[in-house]
Amino acid sequence: MRRRFDHRLPLAAIALAFFALPILYLASLSFKTKDDVLSGAFLPGTVTLANWAQAFEAAPLSTFTVNSVTVALLSGLLTVLITVPAAYAVLRLRYGWQRLSDVTLSSFMAPPIVAIIPLFYLLKGAGLLNTVAGLVLVYGMVNVPVAYWLITPFLRRVPVELEQAAELDGAGPLRRLVSIVLPLIAPGLAATGLIVTILAYNEFLFASVFTFGNETRTLPVGISLFQGDRLVNFGQMAAASLTGIVPVYLVALFLQRFLVQGLAHGGIK
Amino acid sequence: MSAISLSGLAKSYRDVPVVKGVDLDIAEGEFVVLVGPSGCGKSTLLKMIAGLEELSAGDIRIAGRSVVDLAPAERELAMVFQSYALYPHMTVAGNIGFALRIAGLPRAEIDRRVRAAAATVKLEGLLDRYPRALSGGQRQRVAIARALARQPKVLLFDEPLSNLDAALRQETRVEIARLHKALKATILYVTHDQVEAMTLADRIVLMNNGRIEQAGTPLDLYERPATLFVARFLGTPAINLFGAARMGLPGAATVGIRPEHLLLEDATHPGGLAARVEFVEELGDVRLIHLLTEADEKIVAKQPAGSPWQAGQSVRVSWRTEHLHRFDLAGQRLDDAPEQRPEKAA
Amino acid sequence: MPMRERHAFSSPRDAGEGFILKETTMALGYAADALTTPEFDADGFRRLGRFLLRPLWLAPVACALIVTTLYPFVFLVALSLSKSSLGKPFRAFAGLKNYALALGDGEFIASLLRTVAYALLSSAIQVAAGLALALLLFTLLKGGRFLLSLFLLPLMTPPVMVGVAWKLILAPAGGLLNGTLLRLGLVDEPVSFLGSAALAWASIALADLWQWTPFVAILCFAALSSLPEGVDDAARLDGAGPFERFWYITLPLIAAPLAAIFLIKLIFAFKLFDLTYILTYGGPGFATTTTGFSIFRLSMQQFEVARAAAETLIFAALIGLVTLPVVRLHRALERREA
């Protein structure tokens, strides 16, 4: 068979280059010296590690990282714990109000800005303003519609007969969820958990309003303040930003299988 | 005491009735096959008995006890699903033992009963396999073993052979019959396949449109179909039907005669209906002669191998009166010819 | 004996209007059964217990919905009718004064128009780009799946960091884009990309596109994967070229999912905040101030929470108004398929 040149390959390469460019440029910048930055070239002339050290000195990046990771993991767990039993009860057990699915999903339409003033007063009243716990609670609840949306197709795909067989075998609803359904939807569960965790990790608006001390700030908030600082140079900003990006990329790289699956199955069915 | 007793069982989805009042008693150790066309309500009826569908009306008694308010697992029955419904994340042993584990039986007892159930269906070597590593026939046997392990009072089968290929279906059918003999279990078996019904059943319950059309032994149903529907449903090729008036049989609306009861003679022979052979299906042991009558009715006659009929030939078709099935306008069987039953003529 | 709905798989649509009444009678029925049995009825009590536990399955989600949606709306309505500041809410009843203020504010109305225009335009562009990307990857098949996971990275990047990265690329002094343009001799002096209204919007749109197109592409990829097999081959045998196959076969078949994807993207587009915050802070002037951003500044920087509440509710109503036709379109397309 004669191999023809495939004109789609260069197109794919261009697309890939476009999507890789900003991250690669950040990486390059973070190793540039102050003068080198002004050249506007892609690659650094001389490589320096100074930006990384200075970035960590100029801002408590490690505290931010710890805050971000804590908030993301706890709120992700909370979201899954809130959502999965309810989605299972509504979709499979037919408990309660069937329209809960629609209501949950449509509540996602409102932009977060809608909730910001009311939640501000709620957290203030509860004494949770400027606390990690407050952020965990807010994210844990705000991401419920996303989790509901992601887990639904997985739950729907579990054959009804399997649960009927388990019911005949004497398994109650909780037992069926834990012993039959959860093992079968494990990939979907992983995807859902991962995505809501990453959403919480990336969130900026709530965090910027509900926290106002370095001891509680998350990475996006910390870096948004950092970039507003006139004294900080491009290299340091790049280094700080990368510090925030690297954890998500590591997770995405190792668990990409679940992510693609979760995102692709969600949505359009 | 009946093993299962159904009275006035009915089920509607919203306002659409699916099962319309079913009464049925199944004796202990009896093998009853529920058969009927798809959508006749037979699977729904089975799931109602299992407790997987709620009732709209009626009562179900298992071994004399009303079970309508009991959860499926409390009804002491087990079910083999059409799709087998094996737990894909559990081994064969895990599948068979799941109910026992939930019931909280001691480990040794579970192990003993899993092994016993597996042995009954010859699965001993496969206990550590996962369902995905099994063939269709093996999965089927796991599903049966899982049902047996619970030592149920009643075994329910929901079209268990429909996912198997023809050869395996035959083999498994024999296996299930053997199992019934050995275990003396009460079995309620749903299928749309009349061959399964005829070969397996002690008693066939033929359902149509949410009701029992006729219940009886396979031969009963075949030889004395209570309705036109039953007559048409059982038998391959299907029964031949004629308008009764044409046949000179007053009182009936439709007359049926099975293909094996048609007698063929060459055209010179007096009497009978004139017909022409359209084509012949050669099945080896028998020949199916497809005929077209003068009135353009298509009929089929079953003739022994070696019979001389060829396509294009003109023949005369006749029959013996006792082989005729007569039905009224509503499709109900009319009892046998008045001249044979003079006492009924009055 | 009365029949009661109890089992899991029974009636799929038993959640109608008489639902609370039905549930209550059922609970009473279980209790009566358990209590009137002469001997102690353990099964009855277990069933009653299990039934009473049902609300617990749903309570957490209901609670989350109340906190994140119902309570905010009620609170905003109350707040919008009051005279309030961030520190001292609900000082007096103000009637519809806040709504009058909001609707009389030309800058607020301008922000609404900007937001809607941007949401519709950027979503359309991104769905087109995402579909193109998905088609490209889909036809490359084997490599497609691998590339697909690489394209996850923009989606996973925190939006604040996306803003920072693009801000550095677009910077007048030392930015990659200006550096490249200067070196190629395409411009004589650095362009201030974030300094003019049109270029600032283009910059935001570019960063937004970078972040979200891969997500759209993944959803499109899934839609393409669900196409019936052989249809494309049949069209090929019928002599249809690549463009004809796309226009007459692929596009009509994925119209419904595509509408869903557009809807999802539209919802996300109305949430745009982080990128404008980092890249332009609503500037130059108010040129890139979206409604979300203007509400944020009004409430959290000028502390005028009452007027912000009124603006928020107007904004929410507008979003509903804009998305409703898309929801309708999606439903119509789905019905056509079914």
Side-chain angles (χ1 to χ4, degrees), chain A residues 8 11-12 15 19 22 25-26 29 37-42 82-83 85-86 89 93-98 100 103-104 107 109-115 117-118 141-142 144 160 164 167 198 202 204-205 209 220 223-224 227 234 237-238 241 244-245 248-249 252 256 259-260 263-264 267-268, chain C residues 8-9 12 15 54 57-58 60-61 64-65 67-69 71-72 75-76 133 136 139-140 148-149 151-154 156-161 164-166 168-169 173-176 178-179 214 218-219 221-223 257 260 267 270-271 273-274 278 292 295-296 299-300 305 308-309 312 316 323:
Chain A
R8 292 167 308 191
L11 280 176
F19 287 109
Y25 186 57
L26 274 188
L29 270 182
V37 166
L38 289 175
S39 75
F42 185 71
I82 290 177
T83 312
L93 302 178
R94 302 284 171 197
Y95 282 0
W97 197 37
Q98 290 300 297
L100 189 70
V103 172
T104 308
S107 79
M109 278 179 51
I113 193 80
V114 170
I117 304 170
M141 293 196 275
V142 162
V144 163
V160 173
Q164 292 182 332
E167 198 181 357
I198 290 172
N202 289 355
F204 169 68
L205 179 57
V209 174
I223 283 160
S224 79
Q227 67 98 31
F234 279 21
M237 232 155 88
S241 297
I245 294 172
V248 221
Y249 278 19
Q256 40 140 314
L259 286 172
V260 177
L263 289 168
I268 28 245
Chain C
F9 311 98
R54 275 179 170 201
W57 289 80
L58 308 180
V61 162
L65 286 179
V67 171
T68 60
T69 310
Y71 152 74
F75 190 94
L76 284 178
L133 189 59
L136 184 66
T139 53
L140 286 171
L148 208 55
S149 22
F151 285 119
L152 272 177
L153 297 182
M156 298 295 135
T157 315
V160 167
M161 281 59 148
V164 170
W166 282 97
L168 295 177
I169 291 175
L176 177 65
N178 269 312
I218 288 172
L219 295 185
F221 196 92
I267 290 168
F270 278 117
K271 300 186 183 208
F273 180 85
D274 308 10
I278 300 292
I295 292 169
F296 167 76
S299 54
M300 294 302 153
V305 285
T312 307
T323 41

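In what follows, chains are A, B, ... by sequence order, proteins preceding strands, each numbered from 1. The basis for the numbers below is simple: all heavy atoms, side chains too, and nothing from hydrogens, waters or symmetry mates.
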Hey, is the main chain of C/Leu176 close enough, under 3.5 Å, to the side chain of A/Tyr25 for a donor-acceptor pair? yes
Can you name the nearest heavy-atom pair linking A/Asn202 to C/Met156, along with the distance? ND2-O, 3.0 Å
Measure distances from A/Leu11 to the heavy atoms of chain C and classify the residue's part below 4.5 Å as side chain, backbone, both or neither. both
Please examine the side chains of C/Asp274 and A/Pro220, heavy atoms only from C-beta on, and report whether any two atoms are closer than 4.5 Å. no
Do you know which of A/Pro85, A/Ala15, A/Gly244 has the most heavy-atom pairs under 4.5 Å to chain C? A/Pro85
Shortest non-hydrogen contact from A/Val248 toward C/Pro158: CG2-CD, 4.2 Å
Toward chain A, the part of C/Phe273 with a non-hydrogen atom under 4.5 Å: side chain
Would you mind checking which part of A/Ile82 comes under 4.5 Å of any heavy atom in chain C, side chain (CB onward), backbone (N, CA, C, O), both or neither? both
Closest approach of A/Ala86 and C/Val61, non-hydrogen atoms and distance? CB-CG2, 3.3 Å
Out of A/Thr104, A/Leu205, A/Leu100, A/Ile245, return the one with the most heavy atom pairs under 4.5 angstrom to chain C. A/Leu205
Interchain contact, A/Val142 with chain C, by part (heavy-atom threshold 4.5 Å): both
So, the part of A/Phe19 with a heavy atom under 4.5 Å from chain C: the answer is both
Part of C/Leu133 lying under 4.5 Å from any heavy atom of chain A: side chain
With chain A, the option among C/Ile267, C/Val305, C/Leu168 that has the most non-hydrogen atom pairs under 4.5 Å is C/Leu168
Between C/Lys271 and A/Met109, what is the shortest heavy-atom contact and its length? CE-O, 4.3 Å
Most heavy-atom pairs under 4.5 angstrom with chain A, which of C/Val67, C/Ile295, C/Thr323, C/Asn178? C/Val67
Against chain C, work out which of A/Ile117, A/Val144, A/Leu26 has the most heavy-atom pairs shorter than 4.5 Å and name it. A/Ile117
Nearest atoms (heavy-atom pairs only) where C/Ile169 meets A/Pro22: CD1-CA, 3.8 Å
So, taking the atom named CE in C/Met300 and the one named CD1 in A/Ile113, what distance separates them when rounded to the nearest 0.5 Å? 7.5 Å
Leading residue by heavy atom contact count with chain A [cutoff under 4.5 Å; candidates C/Ala309, C/Gly175, C/Ala308, C/Ala316]: C/Gly175
Which residues pass the ring pair (Phe, Tyr, Trp, His ring centres under 6.0 Å) test with A/Phe204, sequence neighbours left out? C/Tyr277
So, using side-chain hydrogen bond (donor to acceptor under 3.5 Å, both in side chains) as the criterion, who are the partners of A/Tyr249 when residues are at least two apart? C/Thr157
Which portion of C/Trp57 sits near chain A, non-hydrogen atoms under 4.5 angstrom: both
Minimal heavy-atom distance between A/Ser241 and C/Val164, with the atoms involved, is OG-CG1, 3.2 Å
